[in-house]
Structure formats: structure tokens, C-alpha cells
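I have placed the structure first, in the form of C-alpha cells, so that the comments after it can refer back to it.
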Amino acid sequence: GSVPLDDIPVWTPTAGASTPSRYLRNETLDQKISVYSGDITKLEIDAIVNAANKSLLGGGGVDGAIHRAAGPLLKNECASLHGCETGEAKITCGYGLPAKYVIHTVGPIAQGGVGERERRALRSCYWNSLQTATENAARSVAFPCISTGIYGYPPEQAVHEALAAVREFLDAHHDKLDRVIFCVFLPTDKELYLQNLPLYFPPA
Ligand code: ADP
């Protein structure tokens, strides 16, 4: 079955985390962040983000799972969008998914290594996905670990771009979003997010 947003616990920073934070505390962001382990296609939420490719016509990994669960109407709508550039985002309906919308974003391919260009593109994926969500009045958004599968971006570097982009977007637009869920699929990614979240969302 599907997973209601209310069943996903909110992440709260543990006071006394040893690493000094690079961001100031922002109490308006309390109760907005979660790390959820599992299948993003099951989430009953306003929007899920798809780690798509430039064609938007479907692929492997999370993209394949989203298209299978949504049904063929998703591909029809995607075909009308004429692709998507790296770092940008486009929105569709969710069709057979429990999510109302799918936000398709194209992560950088990092098989040639990670430089400033790849870092910037990955941050843009997170930022532009949230921008697209808020433009469509979506107040809850779940992200997969963009680019860290087939696209080869090292997960221990990607987590910093994900968390920095979400933190900075929420600083600017906290009134427009209730929840941001980091939907991790691998136990190692769950650890990376739990380790690094206090750097970006420090405790009181
Ligand atoms: P990319 O091409 O951007 O690297 P992938 O789909 O290959 O995208 O991988 C991105 C992340 O999505 C990986 O961490 C992978 O384990 C994860 N993933 C795969 N299937 C699902 C799913 N059903 N729900 C959530 N995450 C998933």
C-alpha cells in the first residue's frame, strides 16, 4: 500500500552534535525535514521528484520505477514537454501514483568526475525542483538521491549539494513548503543523510 505523509516521522537534530554547523539555526525549519527509507513511488505527498534523463521518456532506476507505477499516461504527458536540460525541472501529473505531481529533473552525469559544473548542476536540480513545486502550490516534496545511481555522482559528495540547496531554498521560502522528504533507497545513503543533516539544520 501507499504511505501517508503523516506516517513519515519528522527529523529533529540532536542537541550536542559534535560537528560545528556551517549554517545558523533557523527555527522556522523545524518539523519540515524527514529521511525516509523506501520506494518513492509509494508516497502520498504533493510531489515526488524524478531523477530523469534529458529525453524525459523514461529510463532505469527510480525513473523506471516511477513510470511503471504511474502508468502510460505519464509518458504521454512527458512526451509533450520536449525534454529537459541538466539542472532544470518540469512538472507533470502523478496519474496512477499516490503523489499528485511528478517533478522531473535531470541530474549531471558524473562519470568523468565531479567539478564545479557538476556541483552547480546538482544544486540546481534541488533548487529548481522546489521552485517548480512552490509555483504549483505543492507544499510537500520528496527527493530521491539524484545522480548517485546510473549517473555515477559519489553519494558522499551529492548529499552536501542536496542539503545545501534545500536549506537555502527553505531559508528563502519556508512559508511555501511544509515538508521536504529525502527518500533514500540504500542503507548507506540513510547514514550519509543522518550524519550530515546537523551541518545544515543545526539544533538549538
Ligand atoms: P541517476 O540516473 O540520476 O543516477 P538512478 O535512478 O540510477 O538515477 O539512481 C538514483 C537513486 O535512486 C539511487 O540512490 C537509487 O538507489 C535510487 N532509487 C532507485 N529506485 C528507487 C525508488 N523506487 N525509490 C527511491 N529511490 C530509488
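Ligands are counted one by one from 1 in listed order, and the atoms in each one are counted from 1 as well. This one's a predicted model, so the numbers in the text were calculated from it and none came from an experiment. Basis for what follows: all heavy atoms, side chains included, without hydrogens, waters or symmetry-related copies.
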(request) Look at the side-chain heavy atoms of Ile, Leu, Val, Met, Phe, Trp and Tyr, link any pair under 4.5 Å apart, and say whether Tyr101 and Leu74 land in one connected group. (result)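 Result: no, two separate clusters.
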
(message) According to a hydrophobic-cluster definition based on side-chain heavy atoms being under 4.5 Å apart (Ile, Leu, Val, Met, Phe, Trp, Tyr only), do Tyr193 and Leu130 belong together?
(response)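 Tyr193 and Leu130: one cluster.
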
(request) Measure across Phe143 and Ile146 and return the closest heavy-atom pair with its distance rounded to 0.1 Å. (result)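 That would be CD2-CD1, 4.0 Å.
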
(request) Looking only at non-hydrogen atoms, find the nearest pair between Val102 and Asn50 and report the distance. (result)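 Answer, listing the atom of Val102 first, then Asn50: CG1-CB, 3.8 Å.
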
(message) Between Asp63 and Arg68, does any side-chain N to carboxylate O distance fall below 4.0 Å?
(response)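 Answer for the salt bridge query: no.
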
(message) Just to be sure I read this right, does ligand 1 sit under 4.0 Å from the backbone of Asp189, its side chain, both, or neither, counting only heavy atoms?
(response)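 For Asp189, the contact with ligand 1 is made by the side chain alone.
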
(request) Pick one of side chain, backbone, both or neither for how Phe185 approaches ligand 1, counting any non-hydrogen atom pair under 4.0 Å. (result)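 Side chain only; the backbone of Phe185 stays clear of ligand 1.
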
(message) Just checking Phe169 against Tyr126, ring centres under 6.0 Å apart?
(response)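 That pair fails the under 6.0 Å test.
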
Check for me whether [X] has a heavy atom closer than 4.0 Å to any atom of ligand 1.
X: Gly107; value: no
X: Gly38; value: yes
X: Thr41; value: no

Less than 3.5 Å between some nitrogen or oxygen of [X] and one of ligand 1, yes or no?
X: Pro144; result: no
X: Asp39; result: yes
X: Ala51; result: no

(message) Using a 6.0 Å cut-off, check whether atom NZ of Lys32 has over 12 heavy atoms from anything other than its own residue.
(response)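 Yes, the 6.0 Å shell around NZ holds more than 12 heavy atoms from other groups.
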
(request) Between Cys183, Cys145, Ala65, flag the one that comes closest to atom 11 (C) of ligand 1 by a heavy atom. (result)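 Residue with the shortest heavy-atom distance to the ligand atom: Cys145.
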
(message) I need the nearest protein heavy-atom contact for atom 12 (O) of ligand 1: residue, atom name and distance, please.
(response)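 The closest heavy atom on the protein side is Val62 CB, 3.9 Å.
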
